[in-house]
There are 2 protein chains.
Amino acid sequence: MASPARRPERKRRDTYHHGNLRQALIDQAVQTIRQHGVDGLTLRGVGADLRVSRTALYRHFADKGALLAAVATDGFRTFHAALAEAWQAGGRGRAGFEAMGLAYVRFAVANPSHYRVMFGGFVDHAGADPELVTEADGAFQVLVDSLIEQQGRGLIAGGDPQQLALYIWAIVHGIAMLGIDGQLPPQQSAEDLTVAAMHHIREGIRGT
Amino acid sequence: MASPARRPERKRRDTYHHGNLRQALIDQAVQTIRQHGVDGLTLRGVGADLRVSRTALYRHFADKGALLAAVATDGFRTFHAALAEAWQAGGRGRAGFEAMGLAYVRFAVANPSHYRVMFGGFVDHAGADPELVTEADGAFQVLVDSLIEQQGRGLIAGGDPQQLALYIWAIVHGIAMLGIDGQLPPQQSAEDLTVAAMHHIREGIRGT
DNA sequence: ACCTGAACACCGTTCAAGT
DNA sequence: ACCTGAACACCGTTCAAGT
């Protein structure tokens, strides 16, 4: 009966009813997995945290997998930015390349559950959400572009940059997963291993 | 009332009641995750498949996590054997080393769900089951030993073999995970990428 | 010892009903 | 349009009871 409120402070309170419940659900899911792991994420719990019905979520996501896909997509955006920033700030050369590798592993170690949702097979990368694929490809492309640029300057050898990128992606991904799973010995942090790896990647390990 | 049966054929039928239900549960769990993925594994389903009560399992495993840990342990045994066999059959040199890398990735691609249970964070490697740790360490040690042997023959450069092993483990682990998750482009199989990787590992990727 | 059925406290998801 | 409560079909796990 009252005329529509114009003051944003007032609208902010029940803003979930006006279109941003979707983002609120994603944010809450991210916070929940950060604190309680992926197993600790329940749709009912997220709803309760946001003081919303258990089923309100289904207005914005088809199912739990769709929410996880959105969480992964959100993660890839941050990830993409972190990699690009490291490469750029490091001077787009050898140092930038090493900084990018470190940034990769640091993101994973700092956000283990989020990283796991992005890469742990909770969402099938092969199909489904086109936005997820776009964001994941975007992050990967930072690496590919950096390789092409380095090849152009003779910093690294020629060869298919896509394949080279997959090789390097696999290395940092592997280090990240081993670190997250606690499979690295105590005296060997994921970051230390990454620094050593960036050297090995460049120089190889062959004998004299 | 009948005298105890001596013929093994007769006893084999209800042998679950005599001590090997534990192994039967593991085998059934392995088969279930192979066919329906880790998400498809339910304790109730495994019980039903073995025509046993839903709760019979708790006589042999503390909970679902303990069953998964046993599945992982079982996997590490097979894995260990496959790596050792490849290294040995390949002549314990460069060819054997490459064969071992291929064997690693092939195991993962051929047994994606089993591999995921071993490495995907379903069981926390850091603690808990000592048998799991033993088997996992055993598989890893095959790689460490191969590096030490190659260093001794000047095939690869010196340096801490443990760290070198972690570096290489991360690479094949990363390739395996990317392959399992369907994150490799169609024209780039996990095995092809592994062959290329084994070359890059040795020679590096630096420019001229 | 080993196994069982009933029961408990959870889930994700559906659906008719409200505003 | 968006949200809700009740209901359904599942889970893992516990427990008193059987043999």
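To find a chain, count down the sequence lines: A is the first, B the second, and so on, and within it residues start at 1.
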Measure from the side-chain heavy atoms of Asp63(A) and tell me the nearest of dT13(C), dT13(D), dC3(C). dT13(C)

Could you give the OH-to-C1' distance, from Tyr58(B) to dT4(C), as a whole number of Å? 14 Å

For residues Phe119(B) and Phe76(B), establish whether the separation of their ring centroids is below 6.0 Å. yes

Centre-to-centre under 6.0 Å for Tyr115(A) and His173(A), is that the case here? yes

With a 4.0 Å heavy-atom cut-off, tell me which residues in residues 31-45 of chain A come close to DNA chain C, sorted by residue number. Leu41(A), Thr42(A), Leu43(A), Arg44(A)

Taking the six-membered ring for Trp, is the centroid-to-centroid distance between Trp169(B) and Phe140(B) below 6.0 Å? yes

Of the candidate nucleotides dC2(D), dG12(D), dT4(C), which contains the atom at the shortest distance from the side chain of Arg59(A)? dC2(D)

Return the set of residues passing side chain to side chain contact (heavy atoms under 4.5 Å, CB included) with Val117(B) (not counting sequence neighbours), or none when no residue passes. Ile33(B), Val38(B), Leu68(B), Val71(B), Ala72(B)

Please, what dot-bracket string fits DNA chain D when only Watson-Crick and G-U pairs with both distances under 3.5 Å count, crossing ones use [ ] and pairs to another strand use |? ||.|||||...|||||.||

Just N and O in the side chain of His60(B): are any of them under 4.0 Å from OP1 or OP2 of dC2(C)? no

Using only heavy-atom distances, determine whether the side chains of Asp137(A) and Gln141(A) contain a donor-acceptor pair under 3.5 Å. no

Looking only at heavy atoms, the pair that brings Met177(A) and Met177(B) closest together is CE-CE, 3.2 Å

